[in-house]
Amino acid sequence: MKEVVWLIHFPTGTVAIMAAFAAFYYPKGSLKHKKAGQVFTIAMLIMLISGGIAGALKGSVEDMFLAVLVSYTVFTAWLTVRHHQPAIGILEYLALVYIAIFGLAALAINPEWHKLKEPSVFTFDAIMALVFVVGDIQNILLKGMKRTYQLARHIWRISFSLFWAALAFGDKIIKMLDSTINQMPYVVAIPAFLVLCIMLYWLFRIYKGRANFEIKGVVKGVSVD
């Protein structure tokens, strides 16, 4: 299990975090932003799959569920901006089914099961699944969102994924220093707080129409309204 964590999970998580901050830095829609986003998506999915495997090996149902949930947000964040115009395909329907099943599975977990360390985690999983299901249904009914809402959906789902990656990164750093979260809470809190600040910053810019995006087929520099 430790080999999976230190040889795959931690390195790919580090790459994902660096790629995500690069993507936030580069102009949205630019080639560098897209490439950074691709690296982030691939690295995150590898990290999550390895994390789910590590969770299974150590018998942590909580870690397995978290890997499944965050994999969904990474995938749908990419899926949201796959179309340059409002459109819905089979992948959107599959994502909806995936997260709905996940939510039902979280609800079906018996909180008194002896293998559970934090039963409340599954309540959180079920609530988040409901939020995502509502968003996916809305997207499907509208047959794709307008660009402004599409970008906002992309930003907050990426940020949700990055938030957990930042927490995991901080946790591994603390373990490398042979310490505990209680002794070094800032190692976990600062990266997570930074992710939240960046997310709020970009959501503000998107909704205020002050961000410029390079969208295929549209004149460079057109602002979002």
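- The side chain to side chain donor-acceptor pair (under 3.5 Å) search around Tyr201 returns Arg205, not counting sequence neighbours.
- Partners of Asp136 by salt bridge (charged side-chain N to carboxylate O under 4.0 Å, His left out), not counting sequence neighbours, listed by chain and number: Arg153, Arg157.
- The shortest distance between side-chain heavy atoms of Asp171 and Leu167 does not fall below 4.5 Å.
- Other cluster members for Phe193: none, since no ILVMFWY side-chain heavy atom sits under 4.5 Å from it.
- Using a 4.5 Å cut-off on side-chain heavy atoms (C-beta onward), Thr73 and Trp164 make no contact.
- Cluster partners of Leu107, using a side-chain heavy-atom cutoff of under 4.5 Å among ILVMFWY residues and allowing indirect links: none.
- Hydrophobic clustering, with ILVMFWY side chains joined whenever heavy atoms are under 4.5 angstrom apart, groups Leu196 together with Trp202.
- Listed by chain and number, the residues in a side chain to side chain donor-acceptor pair (under 3.5 Å) with Asn139 amount to none (sequence neighbours excluded).
- For Ile190, the side-chain contact (heavy atoms from CB on, under 4.5 Å) partners at least two apart in sequence or on another chain are Tyr186.
- When side chains are defined from C-beta on, Phe169 counts as touching Thr14, because their heavy atoms get closer than 4.5 Å.
- Residue Leu96 holds its CG atom at 12.5 Å from CG of Leu91, rounded to the nearest 0.5 Å.
- Partners of Ala22 according to the side-chain contact (heavy atoms from CB on, under 4.5 Å) rule, which considers only residues two or more places apart in sequence or in another chain, are Tyr26, Ala36.
- You'll find the side chain of Ile206 stays beyond 4.5 Å of the side chain of Tyr149, heavy atoms only.
- The line from NZ of Lys143 to CD1 of Ile140 is 12.0 Å long, rounded to the nearest 0.5 Å.
- Taking CZ from Arg82 and NE2 from His154, the interatomic distance works out to 14.0 Å, rounded to the nearest 0.5 Å.
- The shortest non-hydrogen separation linking Ala16 to Phe40 is O-CD1, 3.1 Å.
- Applying the side chain to side chain donor-acceptor pair (under 3.5 Å) rule to Ser60 yields the partners Asp63; only residues at least two apart in sequence or on another chain are considered.
- Heavy-atom minimum distance, Trp156 versus Met128: CH2-CE, 4.2 Å.
- Taking 4.5 Å as the limit, some side-chain heavy atom of Tyr98 sits within range of a side-chain heavy atom of Ser71.
- Under the ring pair (Phe, Tyr, Trp, His ring centres under 6.0 Å) criterion, Tyr72 pairs with Phe132, not counting sequence neighbours.
- A heavy-atom distance below 4.5 Å is found between the side chains of Glu62 and Phe122.
- Environment of CE in Met184: crowded, with over 12 heavy atoms of neighbouring residues, nucleotides or ligands closer than 6.0 Å.
- Its side chain within the 4.5 Å cluster rule, Val39 clusters with Val15 among the Ile, Leu, Val, Met, Phe, Trp and Tyr residues.
- Remark: Thr180 pairs with Gln183 by the side chain to side chain donor-acceptor pair (under 3.5 Å) rule, at least two apart or across chains.
- Through ILVMFWY side-chain contacts below 4.5 Å, Leu104 is grouped with nothing and stands alone.
- Two residues are said to be in side-chain contact when any heavy atoms from C-beta on lie closer than 4.5 Å; Ile99 and Leu69 meet this criterion.
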For a side-chain contact (heavy atoms from CB on, under 4.5 Å) check, start with the C-alpha distance between Phe21 and Ile198, then their side-chain angles and the critical distance, and finish with the verdict. CA-CA 9 Å; Phe21 280 106; Ile198 293 174; 3.1 Å; yes
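- Ring pair Phe75/Trp78 is tilted by interplanar angle, where 30° to 60° counts as tilted.
- Taking 4.5 Å as the limit, every side-chain heavy atom of Ile46 sits out of range of all side-chain heavy atoms of His9.
- Phe124 and Val188 fall within a single hydrophobic cluster, where Ile, Leu, Val, Met, Phe, Trp and Tyr side chains are chained together by heavy-atom contacts under 4.5 Å.
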